[in-house]
Amino acid sequence: MNYRHLTEEEILVLENNSCWSEDWTNVQVAEDFRPNYFHRVMFYGEIRLGNFEKSVEVSKGFVKHSGINNATLRNVSVGDNCLIENIGNYINNYTICDDCYISNICTMETTEGATYGEGNLISVLNEVGDGNLILFRDLNSQFASFMIKHAGNKHLYDAIHRLINEQVERNRPERGTIYNNVKIVNTKEITNTIIYEGCEISGASRLSDCSIMSSTNNSVYIGTGVICENSIISDGCSIINSVKMQNCFVGEACQISNGFTAETSVFFANSYMSNGEACAAFCGPFSASHHKSSLLIGGMFSFYNAGSATNFSNHAYKMGPMHYGILERGTKTASGAYLLMPATIGTFSVLFGKLMYHPDTRDLPFSYLIAYGDTMYLSPGRNLTTVGLYRDIRKWPKRDMRPREGRKSIVNFDWLSPFSVGEILRGKEILEKLREASGDNVIEYNYHSYAIKSSSLRKGIKYYDIALRIYMGAVLKRHALEVPKTSIGLGKWNDLGGLLLPESEEERLMQDIENGTIETIEGVLERFDEINRNYAEYRWAWTYKVICDYYGLDTITEADAERVREDYIAARRTWIGEIRKDAEKEFTLGDVEEEVLDNFISQLDREVDFENQKLYM
């Protein structure tokens, strides 16, 4: 925009409207500037003012003409058609873009050394440990998981640190900026904070050294009583009702509310936090906490619902509103057992993986751990055939509130994948070796410090085999029957914050960062995207070998494929049958109404429709 000095006539109008400047020559304005809409304004330092021609809607059906009233400005640039009024203290060192509404605030200021929340080093998983995660605006769950996982690799850490610092320095503005169409009302203090397009802030107490990454199509709302310091808030987020947050990163479409307190923690993609608190927590996609007594501290979570105290209630939810999942520690079940916790399914992902209650159980995924007196009983694979898991498989993709375009964090919703099925294969092998070592004529098997009933062991092998056959058949339906074109994917698979990838690709990324092949943060993020785009091919390479090993084949012929398909249909129908039993068992306990059961059974009956279609998994 081209600016000019004020005319003598314009200065006279401003002064007649009780405006004052320590030096009118330092106030420059747009070519079509009109001074009529300025009242009781004090100007200090360098001032730039745009055109003020339109009206601003301050509340539904209530419009005011743009302008500036009752304010003190120092070193401020104001774009076109803004309404700024009732500034209790001052606005200092700020750029305000077009069509903004700023009213009834105390102070807005940029001070020396502002970081806007970027480059902030925090310690996740260990609240008193050395910093292992650097916050910056383009952080996603993959990059965060990658940094934390490899924090002990000094050479890699130094390379990542350099890339991030270079990007932060390139993007860091000279002073705080309020971008287009931002609304800030009834807010006490905004210091060293960048606020992007479309954001609304109403009644916040303090925003200091923050970046609010709102966008026109995916805006951010920050509400009453919020205190947010040294943090980054991504697009689509809602932070309301006296939340207190320090040294945090909040990813896309997260909701944090009702007095939740967070320190040195990260939250990604559709997480929901209310009432409780988090410290040094890694909350991956779809993490949730609702209760005042919930403290997420020093752990990794994803697809996870933190219940009250030890009530890990996520995938154990059933059909009816009265059945709230797993009982709290110390609560007896009807059979007299103490039900401690369900299997969490994933390295840090409840949907995708393993028991995390004790490291001895990590090789038996989708399992339950139950205590009778002093004896801990393990039920391998039990969660594979529950109503809760069936419900979760279908609900999570529908709950992604992010716009399809421009999603930062990658979330792979395959519940059966090379990552989880790799664990299933290891679990099945462990159970078969236990049976081989102790024979079939025993009441219980011992696995580390746990007991496995013989009936549970047999069922565990059966459940794992069902899941394996479902997986092989479903992948075969998704891919042309051909020899894999790549060997990538044949080994172990990992989960990086929702990205399922071959371990070899993770190692290649590490090497390319260390040796300088990847020279920018954009390069790292593009590599994650590339790996995700190639997921189907990598999965096919892994699955082709699994099918060959399972059926004793060298190559897969059309006849072999038909056999896999038949086994898939049989296994899937058995799986649906087991889930039906679980639903009917719940009904007999009186937890749900008959209509709810009937609707659920009707849904199961329609599962046969998927057998001849491409499937979600």
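Values reported hereafter were calculated over all heavy atoms of this structure, with side chains retained and with hydrogens, waters and symmetry mates removed. Being a predicted model, the structure only gives us computed values, none of them experimental.
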Ignoring hydrogens and geometry beyond distance, is a side-chain donor-acceptor pair present between [X] and [Y] at under 3.5 Å?
X: Asn120; Y: Asn247; answer: yes
X: Asp582; Y: Tyr390; answer: no
X: Asn126; Y: Ser123; answer: no
X: Asn192; Y: Thr115; answer: no
X: Arg137; Y: Tyr196; answer: yes

Test log, rule side chain to side chain contact (heavy atoms under 4.5 Å, CB included), inputs Ile105 and Ile190: CA-CA 9 Å; Ile105 70 169; Ile190 296 177; 5.5 Å; no
Just how far is it from atom [atom1] of [X] to atom [atom2] of [Y], taken to the nearest 0.5 Å?
X: Phe260; Y: His290; atom1: CZ; atom2: NE2; value: 11.0 Å
X: Ile212; Y: Tyr179; atom1: CD1; atom2: OH; value: 13.0 Å
X: Ser238; Y: Tyr221; atom1: OG; atom2: OH; value: 7.5 Å
X: Ser265; Y: Ile122; atom1: OG; atom2: CD1; value: 7.0 Å
X: Ile239; Y: Cys210; atom1: CD1; atom2: SG; value: 10.0 Å
X: Thr224; Y: Ile240; atom1: OG1; atom2: CD1; value: 8.5 Å

Full working for side chain to side chain contact (heavy atoms under 4.5 Å, CB included) between Ile201 and Val226: CA-CA 10 Å; Ile201 300 171; Val226 170; over 6 Å; no
Do [X] and [Y] come within less than 4.5 Å of each other through their side chains, counting heavy atoms only?
X: Phe600; Y: Val592; result: no
X: Asn217; Y: Glu405; result: no
X: Ser289; Y: Phe301; result: no
X: Tyr272; Y: Cys283; result: no
X: Phe146; Y: Val524; result: no
X: Leu384; Y: Trp415; result: yes
X: Cys237; Y: Phe267; result: no
X: Ile424; Y: Pro365; result: yes

Is there a donor-acceptor contact under 3.5 Å from the side chain of [X] to the main chain of [Y]?
X: Ser302; Y: Pro285; result: yes
X: Ser211; Y: Ile232; result: no
X: Ser231; Y: Cys248; result: yes
X: Thr264; Y: Cys279; result: no
X: Trp493; Y: Gly489; result: yes
X: Asn270; Y: Met401; result: yes
X: Ser271; Y: Gly284; result: yes
X: Gln142; Y: Gly497; result: yes

Enclosure of Lys183 NZ (heavy-atom neighbours >12, cutoff 6.0 Å):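 Counting other residues, nucleotides and ligands, NZ of Lys183 exceeds 12 neighbours.
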Does Lys492 NZ have over 12 foreign heavy atoms under 6.0 Å away?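 Correct, the count exceeds 12.
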Ion pair [X]/[Y], N-O distance below 4.0 Å:
X: Arg508; Y: Glu505; value: yes
X: Glu429; Y: Arg426; value: no
X: Asp158; Y: Arg162; value: no
X: Glu526; Y: Arg533; value: yes
X: Lys395; Y: Asp392; value: yes
X: Arg391; Y: Glu586; value: no

Give the minimum heavy-atom separation between [X] and [Y], together with the two atoms involved.
X: Gly406; Y: Glu252; answer: O-OE2, 3.9 Å
X: Glu118; Y: Arg172; answer: O-NH2, 3.8 Å
X: Ser145; Y: Met300; answer: OG-CE, 4.2 Å
X: Thr375; Y: Ala451; answer: CG2-CB, 4.1 Å
X: Ser141; Y: Ile410; answer: OG-O, 4.2 Å
X: Ala371; Y: Met376; answer: CB-SD, 3.8 Å

Does Arg399 qualify as a cation-pi partner of Trp396, given the criterion of NZ or CZ under 6.0 Å from the six-membered ring centre and within 45 degrees of its axis?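 The answer is yes, since Arg399 meets both limits relative to Trp396.
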Using 30° and 60° as the class limits, which term best fits the ring planes of Phe528 and Phe143: parallel, tilted or perpendicular?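 The rings of Phe528 and Phe143 stand perpendicular, inter-plane angle above 60°.
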Given Asp495, Asn532, Asn494, Ile531, the one that forms side-chain contact (heavy atoms from CB on, under 4.5 Å) with Leu500: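 Result for side-chain contact (heavy atoms from CB on, under 4.5 Å) with Leu500: Asp495.
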Tell me, with the steps shown, if Leu133 and Phe249 meet side chain to side chain contact (heavy atoms under 4.5 Å, CB included). CA-CA 10 Å; Leu133 180 60; Phe249 183 94; over 6 Å; no
Could you walk me through whether Phe366 and Tyr464 pass the ring pair (Phe, Tyr, Trp, His ring centres under 6.0 Å) test, one step at a time? CA-CA 9 Å; Phe366 298 93; Tyr464 287 152; 7.6 Å; no
Could you walk me through whether Glu189 and Cys106 pass the side chain to side chain contact (heavy atoms under 4.5 Å, CB included) test, one step at a time? CA-CA 6 Å; Glu189 178 185 345; Cys106 182; 5.8 Å; no
